[in-house]
Asks: 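Would you mind keeping the following structure in view while I ask a few things?
Note that ligands are numbered from 1 as they come in the structure, with each ligand's atoms numbered from 1 the same way.
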Amino acid sequence: MCGIVGYIGAREASDILVTGLKRLEYRGYDSAGIAVLNGSVKVRKKEGKVSELETVLNGQPVDGSVGMGHTRWATHGVPNDVNAHPHTADNGRFAIIHNGIIENYAVLKKQLAEKGYTFTSDTDTEVLAHFIDDVQKEANLSFAEAVRQALTQVDGAYGLVAVSQDEPDMLVVARNGSPLLLGIGEGEHFIGSDASPFIEYTRNVVYLNDGEMAVVRRNSYEVFKIDGAPVAKEVHALEWDLEEIEKGGYEHFMLKEIMEQPEVLENAMRGRVRLDDNQIRLGGLADVMPQLVNAERIIICACGTSWHAALVGEYLIEKHTRIPVEVEYASEFRYRDPILKDGDVVLVISQSGETADTLAAVRQAQQAGILTLGVVNTVGSTIARETDAGVYLHAGPEIGVASTKAFTAQVVVLTMIALAIGKERGTIDEGTLHTFLQGLTAIPDQIRSVLAQSEQIKELSHDYKTADNFLYLGRGCNFPVALEGALKLKEISYIHAEGYPAAEMKHGPIALIDRFMPVVVIAMKDAIYDKVVSGIEEVAAREGAVIAITEEGNDELDDLCKVVLHVPRSLECLEPLLTVIPLQLLSYYVAVLRDCNVDQPRNLAKSVTVE
Ligand code: M6R
């Protein structure tokens with residue numbers, strides 16, 4: 001998730017751009033850059049925070065009243081000065097900035113290379129810049145028309161701004177899948193991924209919809225569809241303040257991140273889940289697929305929430321590939337002299353890509369000559385760089401210390417990995433694969449329907465805000481969800497909570513149950529549903545207050561449980577993607593009622609880079 005800002009007017013553009021970029025840093029920042037028009041396109045860009053770019057600008061200022069800026073959160077290529085945006089084409093004649101992923105960039109890059117184009121960065125954005133140049137020259141088009149025609153041939157998501165020295169009094173803007181809005185001023189216009197870069201100048205905004213473009217000048221703007229048809233837009237008056245805008249209008253980043261999971265999972269699957277030809281395309285694993293197909297064992301190492309995703313991954317990979325899987329706490333793996341042998345693969349999972357224990361597991365496996373794979377969110381992070389191959393989550397930066405959207409994105413990526421290996425090994429037939437791809441594709445909308453119950457969950461959280469203990473129970477692939485639900489509650493509300501496999505309750509935890517003990521039970525109607533219901537009966541008999549998570553249409557638990565929450569029916573292995581959502585919301589609302597610092601809980605760091 002990158003940040004975009006643009007300005008055209010009478011003020012000094014670079015000041016507005018740099019201030020705007022600082023406000024957009026919450027969207028991710030591995031590098032930043034600006035382009036300002038002043039006769040020619042002047043680009044300044046730098047790896048690191050916006051303050052690093054500011055240092056560059058202090059030494060090499062750029063004057064001009066038309067420009068654009070970008071904070072990058074890498075999706076293609078490591079974070080460095082070269083991969084930072086803006087990217088230019090035709091010897092710097094024009095520049096573009098881009099938020100999103102161009103899915104067919106590899107095909108376009110090959111075509112352009114055959115025509116003699118050369119590339120200095122590893123980014124899909126530079127490919128798009130050269131492609132626009134090629135389209136413009138082939139048909140001798142105006143700049144805006146070249147951008148438009150190029151975009152009709154691009155697959156993927158983009159929020160894009162372009163400036164050209166040939167037509168210096170305009171910015172060309174386009175949106176498909178990445179947010180962009182125009183700020184409407186007097187003799188000046190602004191562009192932003194959100195309104196934070198220009199909120200002090202104007203509160204009048206025009207939201208671009210997917211598939212729309214705009215040509216923005218000082219005193220006018222025209223909006224049209226990518227197919228060229230003009231669009232009449234309404235101007236909206238903003239009421240939010242700066243902090244509200246950065247959090248997307250939510251009170252906390254954690255809530256924003258819970259709520260954005262449908263889009264996050266769509267991004268994680270974009271271009272990878274291909275229903276039409278029944279394929280999973282994971283470019284990052286292409287080179288190692290022969291080794292993966294012949295793996296004798298997969299060892300998954302991770303910490304915290306990522307370790308819970310690993311447990312779901314164990315079910316998924318064993319089911320679809322029949323390769324034995326072991327899940328290890330990375331912190332334990334590194335110190336217990338693990339037996340590693342030919343045919344083993346070590347897969348690590350990390351949102352940050354910087355967790356010290358997980359990184360140590362990678363290094364230990366590599367010393368033993370074992371293939372290492374990373375499932376990582378942060379592009380260019382140490383784990384992403386040091387593993388032999390891997391798959392990015394593309395979840396955007398996760399700012400709340402309590403991990404939410406990374407968990408569901410990790411489970412989706414692990415599902416895709418399991419299906420891809422299973423297809424290659426022949427352990428999953430085409431029909432079953434198709435059913436799973438359909439199931440995955442349906443998940444974002446199904447999550448939307450669970451999120452729609454957030455008001456109900458907020459209401460019921462009042463009943464639990466004074467609880468001292470919670471028990472979470474689940475079986476099969478919902479057992480890791482019970483662990484995750486308990487961890488979420490512990491870390492942000494400071495209520496003690498335990499997660500258990502439901503059948504283990506009678507081996508000990510049942511002694512804890514009385515009328516003061518809320519027990520969250522995940523009771524989906526699968527093969528062991530009846531056994532889970534027996535567990536609920538045992539809790540109810542001891543006056544425990546059961547909060548059941550079950551599937552839509554199941555009213556059998558209504559008399560037995562204090563609360564029943566419903567999620568849509570899905571394939572069993574995909575259920576964690578749905579059952580975890582009410583648990584995230586419950587812990588969030590309980591923590592808010594207890595007046596806890598939800599985004600930065602006490603004693604915790606977002607990324608644990610020390611032992
Ligand atoms: O960045 P990582 O995924 O490697 O982080 C692992 C854990 O530190 C992390 O999941 C932690 O448990 C979170 N606070 C959970 O919400």
Side-chain angles (χ1 to χ4, degrees), residues 28 30 73 252-258 261 264 268 300-313 327-334 346-363 372-387 390-414 472 480-495 497 499 576 580-581 583-588 590-591 596-611:
D30 56 47
W73 171 264
H252 297 100
F253 281 110
M254 182 182 174
L255 185 58
K256 172 176 175 275
E257 287 157 6
I258 292 172
Q261 288 176 102
V264 163
I300 313 183
C301 297
C303 301
T305 288
S306 299
W307 185 78
H308 298 153
L311 292 175
V312 182
V327 176
E328 301 260 5
Y329 282 114
S331 52
E332 292 297 314
F333 181 80
R334 63 186 293 192
V346 167
L347 186 159
V348 299
I349 306 175
S350 175
Q351 186 285 130
S352 61
E354 301 294 349
T355 299
D357 287 323
T358 312
L359 178 59
V362 172
R363 290 177 177 162
T372 57
L373 308 179
V375 170
V376 172
N377 193 31
T378 309
V379 175
S381 56
T382 312
I383 293 174
R385 288 199 312 272
E386 293 200 12
T387 41
V391 183
Y392 283 120
L393 302 184
H394 293 322
E398 192 178 63
I399 294 171
V401 165
S403 190
T404 51
K405 63 176 181 173
F407 174 79
T408 45
Q410 287 162 345
V411 171
V412 161
V413 166
L414 290 165
Y472 286 74
V481 177
L483 295 177
E484 176 60 7
L487 177 63
K488 286 289 88 75
L489 190 73
K490 273 186 274 211
E491 64 182 339
I492 61 168
S493 73
Y494 318 137
I495 295 175
V580 77
I581 307 290
L583 307 194
Q584 294 172 343
L585 287 167
L586 180 65
S587 51
Y588 170 76
V590 169
C596 296
N597 186 344
V598 171
D599 283 335
Q600 289 168 318
R602 69 186 182 204
N603 307 338
L604 283 173
K606 182 65 187 157
S607 174
V608 184
T609 54
V610 290
E611 278 196 64

Asks: Atom 7 (C) of ligand 1: which of Ala302, Cys303, Gly353 has the nearest heavy atom?
Replies: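 Nearest option to atom 7 (C) of ligand 1, by heavy atoms: Cys303.
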Asks: If we count only N and O atoms by modelled type, under 3.5 Å, do the side chains of Gln351 and Ser403 hold a donor and an acceptor together?
Replies: no
Asks: Check the pair Asp357, Arg334 against side-chain contact (heavy atoms from CB on, under 4.5 Å), reporting the backbone distance first and the verdict last.
Replies: CA-CA 7 Å; Asp357 287 323; Arg334 63 186 293 192; 2.6 Å; yes
Asks: Under 4.0 Å from a heavy atom of Ser352: give me the atoms of ligand 1 that qualify, with their elements.
Replies: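 Atoms satisfying the 4.0 Å criterion: 1 (O), 2 (P), 4 (O).
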Asks: Ser350 heavy atoms, cut-off 4.0 Å: which ligand 1 atoms fall inside?
Replies: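 Contacts of ligand 1 toward Ser350, numbered from 1: 1 (O), 2 (P), 3 (O), 4 (O).
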Asks: In ligand 1, which numbered atoms sit nearer than 4.0 Å to a non-hydrogen atom of Ala402?
Replies: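 Near Ala402, meaning under 4.0 Å from one of its heavy atoms, ligand 1 has 16 (O).
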Asks: Relative to each other, are the rings of Tyr329 and Trp307 parallel, tilted or perpendicular (30° and 60° limits)?
Replies: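 Parallel: the ring planes of Tyr329 and Trp307 meet at under 30°.
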Asks: Check Ala409 against Val264 and note the closest heavy-atom contact, atom names and distance.
Replies: CB-CG1, 4.1 Å
Asks: Counting each atom of ligand 1 from 1 as listed, which ones have a heavy atom of Ser306 under 4.0 Å away?
Replies: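 Those of ligand 1 that fall under 4.0 Å from Ser306 are 2 (P), 3 (O), 10 (O).
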Asks: Provide the number and element of each atom of ligand 1 under 4.0 Å from a heavy atom of Val401.
Replies: 13 (C), 14 (N), 16 (O)
Asks: As an exercise, state the distance from CD of Glu257 to OG1 of Thr408, rounded to the nearest 0.5 Å.
Replies: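 So the gap between those two atoms works out to 10.5 Å.
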Asks: As an exercise, state the distance from CD of Glu398 to CE of Met254, rounded to the nearest 0.5 Å.
Replies: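 Spacing of CD (Glu398) from CE (Met254) equals 9.0 Å.
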Asks: Report yes or no: does Lys488 have a heavy atom closer than 4.0 Å to ligand 1?
Replies: yes
Asks: For Pro397 and Lys405, which heavy atoms make the closest approach, and how far apart are they?
Replies: O-NZ, 2.9 Å
Asks: Looking only at heavy atoms, which two atoms of Phe407 and Pro576 are closest? And how far apart?
Replies: CE2-O, 4.4 Å
Asks: Provide, to 0.1 Å, the distance between atom 8 (O) of ligand 1 and the closest protein heavy atom, together with that atom's residue and name.
Replies: Val608 CG2, 4.1 Å
Asks: Can you pull out the closest protein heavy atom to atom 5 (O) of ligand 1? Residue, atom name and distance to 0.1 Å, please.
Replies: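 Here the nearest protein heavy atom works out to Thr355 OG1, 3.5 Å.
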Asks: Tell me whether Gln600 at atom CD has more than 12 heavy atoms from other residues, nucleotides or ligands lying less than 6.0 Å away.
Replies: no
Asks: When you measure from atom 12 (O) of ligand 1 to every protein heavy atom, which one gives the shortest distance, and what is it?
Replies: Gly304 CA, 3.3 Å
Asks: Under 4.0 Å, heavy-atom basis, I'd like to know which part of Glu491 is in contact with ligand 1: side chain, backbone, both or neither.
Replies: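 The answer is the side chain of Glu491.
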Asks: Heavy-atom contacts with Thr305 under 4.0 Å: which atoms of ligand 1 show up? List them by number with element.
Replies: 10 (O), 12 (O), 15 (C), 16 (O)
Asks: As an exercise, identify every atom of ligand 1 less than 4.0 angstrom from a heavy atom of Gln351.
Replies: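 So the answer, numbered in order with elements, is 1 (O), 2 (P), 3 (O), 4 (O).
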